[in-house]
**Q** 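Please find one structure pasted underneath; my questions will follow.
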Amino acid sequence: MKSLLAAFLLLTLFDLGEADDGKHSSCSSPLGDPGRVSETAFSASSPRFNAEEAYSTHMPEHLLCDACKAIAFQMQEYLAKAEAKRSSAKAPATLLSESEYVDTLENSCSQSWENYGVTEVQGVKRFTGPGLRSQETMTVMMTGGPWPARLYMLCQSYLGEFGEEQIYEEYRRQPAALAVFLCSGEQKACTRLEAPTTYSSS
C-alpha cells in the first residue's frame, strides 16, 4: 500500500513539472509543432486609427488604392464565375446578357466584404485580403467596423462612374487588367497615391 502511494505521488509530481514547463514555454506553435517558438515571431499589434479612419463615412485617401484593387478583384471573380455557369464544352466563351452582368456586378458590391480588413506594418496602414498582396507574414487585421460599408459605397461609386456595360467590356478585353482600368490612369486612386507631392513656390 505504501509503495502504491509513493508511486502515485511520484507520478503526480512529474505531471506538475510537465505542466509547469508548458506554462514557461515562450509560445506554442499554431500548427501543433511541439518545438518552442520565439514570442517575437508572433508579436503584432492592432492598427491605431485616427479620427478620419475610425469615424468618417468615406474611404480614407491613403487606402483608396488598395480598396480599389480589392473591388476590381471581386468584380473579376464574380464575372468569371457567372460566365463559367453559362459556359459549356461547346461554348466556353458565352457572353453574359445585360441583365446578367448588371446583376453580377451589383452582387459583387453587395457582398459582406468580411474577408477584408486593415493592417498596420511599420506605421503604414494597408488593406489586406483576397487579390491583395500580403503586407506581412504576421500581422493583426482589423475587419468589420466601418470597412465593409466603405467598400460597398466605393464599389457602387465605380458602377455609377463607369457603368456596368463599360466595366464588363473592359473585363472581356482583359480580365486581369480590370484593376488597371478602375484604379490607374489620370486622377484615379492608385495614380493619385503614387504621384509625388508638388509644392508651389511663393
Side-chain angles (χ1 to χ4, degrees), residues 47 49-87 93-121 124-135 139 141-198:
F49 299 128
N50 59 32
E52 180 192 25
E53 293 163 343
Y55 305 114
S56 175
T57 57
H58 69 271
M59 186 69 69
E61 181 77 17
H62 56 282
L63 291 169
L64 275 175
C65 183
D66 284 345
C68 183
K69 289 178 180 178
I71 289 167
F73 176 79
Q74 289 300 322
M75 286 181 174
Q76 177 187 327
E77 290 286 290
Y78 271 68
L79 289 169
K81 288 175 184 176
E83 286 188 343
K85 287 181 180 179
R86 292 206 61 196
S87 301
T94 303
L95 293 173
L96 299 176
S97 67
E98 181 180 358
S99 62
E100 286 173 327
Y101 66 68
V102 167
D103 286 346
T104 300
L105 288 169
E106 286 287 346
N107 289 337
S108 74
C109 289
S110 300
Q111 64 179 287
S112 67
W113 299 102
E114 62 184 6
N115 293 323
Y116 291 92
V118 174
T119 187
E120 186 172 351
V121 180
V124 179
K125 298 182 186 74
R126 301 294 302 268
F127 258 105
T128 186
L132 297 174
R133 223 171 11 179
S134 177
Q135 307 302 326
T139 58
M141 181 175 74
M142 296 296 290
T143 58
W147 306 113
R150 288 170 179 167
L151 285 166
Y152 167 76
M153 290 171 60
L154 186 60
C155 188
Q156 287 289 336
S157 74
Y158 290 142
L159 294 184
E161 180 180 356
F162 300 106
E164 291 87 349
E165 182 178 2
Q166 189 177 5
I167 290 173
Y168 186 52
E169 285 177 358
E170 291 296 329
Y171 162 80
R172 291 293 304 176
R173 244 192 292 275
Q174 194 175 355
L178 192 55
V180 175
F181 169 70
L182 291 176
C183 312
S184 300
E186 189 177 356
Q187 293 302 309
K188 292 184 181 177
C190 295
T191 308
R192 292 199 305 271
L193 184 68
E194 293 164 2
T197 304
T198 57

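Sequential numbering from 1 along the given sequence is applied to the chain's residues. Because the structure is a prediction, the values reported are computed rather than measured.
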**Q** Under 4.5 Å between any side-chain heavy atoms of Y168 and V102, yes or no?
**A** no
**Q** Sequence neighbours excluded, which residues qualify as salt bridge (charged side-chain N to carboxylate O under 4.0 Å, His left out) partners of E164?
**A** none
**Q** Is the shortest side-chain heavy-atom distance between W113 and R150 below 4.5 Å?
**A** no
**Q** Mind checking what makes side chain to side chain contact (heavy atoms under 4.5 Å, CB included) contact with E165, not counting sequence neighbours?
**A** Y101, E169
**Q** Does atom CD of E77 have more than 12 heavy-atom neighbours from other groups under 6.0 Å away?
**A** yes
**Q** For residues M75 and C155, determine if any side-chain heavy atom of one lies less than 4.5 Å from a side-chain heavy atom of the other.
**A** yes
**Q** Could you work out, with side chain to side chain contact (heavy atoms under 4.5 Å, CB included) as the rule, every residue matching A70, not counting sequence neighbours?
**A** Y116, L132
**Q** How far does CG of L154 sit from CD1 of I71, to the nearest 0.5 angstrom?
**A** 4.0 Å
**Q** Between F162 and Y158, how do the two ring planes meet: parallel, tilted or perpendicular, split at 30° and 60°?
**A** tilted
**Q** Only counting residues at least two apart or in another chain, list the ones meeting side chain to side chain contact (heavy atoms under 4.5 Å, CB included) with S184.
**A** V180, C190, T191
**Q** Any Lys/Arg nitrogen of E83 or R86 sitting under 4.0 Å from an Asp/Glu carboxylate oxygen of the other?
**A** no
**Q** With S97, which residues qualify under side chain to side chain contact (heavy atoms under 4.5 Å, CB included), at least two apart?
**A** S99, E100
**Q** What pairs meet the side-chain hydrogen bond (donor to acceptor under 3.5 Å, both in side chains) rule with one or both residues in residues 103-112, with sequence neighbours excluded?
**A** Q74-Q111, E106-Q156
